[in-house]
Amino acid sequence: MSANSDTGGKPVVTRFAPSPTGFLHIGGARTALFNLLFAHHHGGKFLLRIEDTDRARSTQPAIEAILDGMRWLGLDWDGDEVFQFARAERHAEVARQMIEKGAAYRCYLTQDELAAMRAEAEAAKKPLRIRSPWRERENNDANAPYVVRLKAPTEGATTIRDQVQGEVTVQNSEIDDLVLLRSDGTPTYMLAVVVDDHDMGVTHVIRGDDHLNNAFRQLPIYRAMGWPEPEYAHIPLIHGADGAKLSKRHGALGVDAYRDEMGILPEALSNYLLRLGWGHGDDEIISREQAIEWFDLAGVGKSPSRFDLKKLENLNGHYIRAADDARLADLVAQHLPFDLTESQRDLLQRGMAVLKPRAANLLELSEGASFLFRTRPLELDEAAAALLEGDARALLARLHAALDGVEAWDTEALEAAVLTVAEDAGVKLGAAAQPLRAALVGRKTSPGIFDVLALLGREESLARIADQMTVPA
Ligand code: GLU
């Protein structure tokens with residue numbers, strides 16, 4: 001843990017504050033990761049707040065999808081998750097306190113008056129910035145409906161020293177009297193975020209740079225309440241390979257699709273997301289422990305990073321090769337369209353050593369492993385069938401006889417037997433291996449043929465070869 005100047009010596013508290021959309025967005029996952037790494041780097045806490053005020057979208061499955069995605073990626077949060085909707089009464093209480101302090105006011109503008117202001121702004125080609133006449137006025141009609149607005153500062157400027165964006169200044173005349181409480185008494189996002197961050201003790205707000213403008217509208221609320229202001233770090237969004245903002249047409253947006261449809265390991269996605277927008281020299285493979293030790297906001301770039309599927313697959317291949325065989329066998333078993341018996345499960349695990357160097361994702365790994373469980377006689381694909389044309393079936397018969405005579409069924413003995421047949425037949429080893437592969441795997445590609453023989457075992461190997469020795473009727 002390094003003593004860092006960017007925390008000002010306070011114990012660090014960060015948070016991830018997703019609004020449930022039905023999945024954990026890949027950009028959200030990166031935001032959560034940065035928050036976690038920053039907090040842990042400083043020995044602080046990483047909290048989770050579910051911003052569930054949109055009642056139509058915030059269904060239980062939508063919330064579960066976020067929690068599930070975070071658990072899968074190892075983005076474990078400290079303490080219980082906070083639900084924003086449940087805190088509405090607290091938000092309203094703060095709005096009332098702001099009215100008492102003269103930092104907010106009841107605004108009685110009608111829909112018609114608002115529409116007229118909007119039309120006027122449009123005609124003048126100016127953004128609508130509401131300064132309500134009710135800023136300085138009381139209404140004697142106690143029953144008139146109202147919203148509560150921030151009495152935004154009108155003069156001077158606000159400067160944020162953002163830890164990623166640098167110094168950003170906005171003229172206060174640009175900040176409008178935004179609504180804090182709607183006419184039905186429910187809080188707006190702008191109010192709820194600030195109250196929750198304050199009550200949760202958040203010291204560092206690390207989030208997407210689409211929220212930078214909001215920071216200027218949220219700071220007046222901190223100031224009105226006399227609350228300590230957080231440090232801000234607004235990180236650039238993720239763009240697609242074409243440079244446009246990441247959208248559905250660039251591929252998957254939810255982390256679950258990377259897991260379920262693309263067979264990506266969580267540590268690979270986590271490593272990839274870390275490198276996307278943050279760097280530590282040329283290091284590519286970075287473990288979680290290492291990331292916690294190294295992570296800092298200074299290493300976050302200012303420009304949007306581009307999502308590169310090829311890089312993710314390369315990393316994934318690395319993590320598959322490094323993964324424990326038993327774990328991989330369990331993951332592959334989930335991708336197979338049938339249940340494995342105990343002995344099949346063992347076979348799958350034994351096969352990992354030769355299968356995993358060839359796979360960039362779990363789907364490829366499953367596909368590569370599937371020959372182990374094919375039922376006889378194997379259905380050969382076209383390329384494999386072509387390997388059995390000409391003299392190949394006769395050669396298979398000679399290989400069968402030689403292999404049948406092998407005593408110890410290990411790769412060395414198997415290789416010696418096949419080599420002898422190849423020499424006798426006057427062909428290269430590869431020429432003997434190809435029909436063998438077709439018979440044993442039903443495909444043109446597979447792990448090394450002696451590994452295949454060893455994995456399948458004597459009985460199954462000989463039976464599969466025998467199946468192909470004669471031309472099928
Ligand atoms: N709920 C907001 C979102 O999902 C994030 C709010 C924040 O981080 O301040 O975009």
Side-chain angles (χ1 to χ4, degrees), residues 12-39 45-59 62-70 73 75 77-78 81-88 90-91 94 150 160 162-165 168 175 178-180 186-222 225 227-239 245-247 253-255 273 277 297 300 304:
V12 166
V13 179
T14 65
R15 50 60 162 188
F16 175 49
S19 313
T21 53
F23 53 71
L24 176 57
H25 190 277
I26 190 87
R30 189 188 57 162
T31 300
L33 174 66
F34 284 12
N35 274 284
L36 175 140
L37 294 177
F38 185 79
K45 286 198 176 357
F46 165 61
L47 309 180
L48 174 63
R49 178 172 73 240
I50 303 291
E51 306 217 310
D52 55 348
T53 51
D54 180 340
R55 300 313 286 162
R57 295 187 99 181
S58 303
T59 59
I63 293 168
E64 274 307 320
I66 290 183
L67 304 183
D68 182 49
M70 290 186 66
L73 278 173
L75 298 172
W77 56 96
D78 292 302
E81 53 274 25
V82 170
F83 290 92
Q84 187 161 67
F85 179 71
R87 295 178 37 82
R90 164 69 179 149
H91 304 145
V94 170
L150 172 75
I160 290 178
D162 191 277
Q163 304 225 5
V164 171
Q165 306 290 331
V168 188
I175 301 168
L178 53 106
V179 175
L180 300 172
T186 58
T188 57
Y189 156 74
M190 223 53 87
L191 174 66
V193 164
V194 173
V195 176
D196 290 348
D197 280 343
H198 170 262
D199 289 1
M200 290 163 74
V202 171
T203 58
H204 291 72
V205 172
I206 304 169
R207 60 187 175 188
D209 67 5
D210 49 337
H211 285 287
L212 178 60
N213 284 334
N214 290 338
F216 289 94
R217 312 172 85 203
Q218 292 165 2
L219 270 178
I221 303 175
Y222 284 97
M225 294 303 292
W227 290 341
E229 295 167 23
E231 295 288 340
Y232 285 108
H234 287 94
I235 57 184
L237 300 181
I238 300 174
H239 285 194
K245 199 180 151 201
L246 200 65
S247 72
L253 290 181
V255 300
L273 289 175
L297 292 169
V300 178

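First listed ligand is number 1; within each ligand, the first listed atom is number 1.
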Q.
Using the rule given for salt bridge (charged side-chain N to carboxylate O under 4.0 Å, His left out), can you reason through D196 versus R15, listing the C-alpha separation, both sets of side-chain angles and the distance that settles it, and then say yes or no?
A. CA-CA 10 Å; D196 290 348; R15 50 60 162 188; over 6 Å; no
(Q) Check contact between F16 and ligand 1, using heavy atoms of the residue and a distance below 4.0 angstrom. (A)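 F16 does not count as a contact of ligand 1 under the 4.0 Å cut-off.
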Q | ligand 1 to A17 polar contact by distance, N or O atoms, under 3.5 Å | A |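 By distance alone, the answer is yes.
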Q) Looking only at heavy atoms, which two atoms of L297 and V164 are closest? And how far apart? A) O-CG2, 4.2 Å
Nearest-neighbour protein heavy atom for [atom], which is reported as residue plus atom name and distance:
{"atom": "atom 6 (C) of ligand 1", "value": "Y189 OH, 3.2 Å"}
{"atom": "atom 10 (O) of ligand 1", "value": "H211 NE2, 2.9 Å"}
{"atom": "atom 8 (O) of ligand 1", "value": "R15 NH1, 2.6 Å"}

Q. Just which atoms of ligand 1 are under 4.0 Å from any heavy atom in R207?
A. 7 (C), 8 (O), 9 (O)
Q.
Tell me every residue that passes salt bridge (charged side-chain N to carboxylate O under 4.0 Å, His left out) with D52, counting only those two or more places apart in sequence or in another chain.
A. R55
Please tell me if the side chains of [X] and [Y] come closer than 4.5 Å, counting only heavy atoms from C-beta onward.
{"X": "W227", "Y": "V195", "result": "yes"}
{"X": "M200", "Y": "R49", "result": "yes"}
{"X": "T14", "Y": "F34", "result": "no"}

**Q.** Among H25, M190, E51, closest by any non-hydrogen atom to atom 1 (N) of ligand 1
**A.**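 Among H25, M190, E51, the closest heavy atom to atom 1 (N) of ligand 1 comes from E51.
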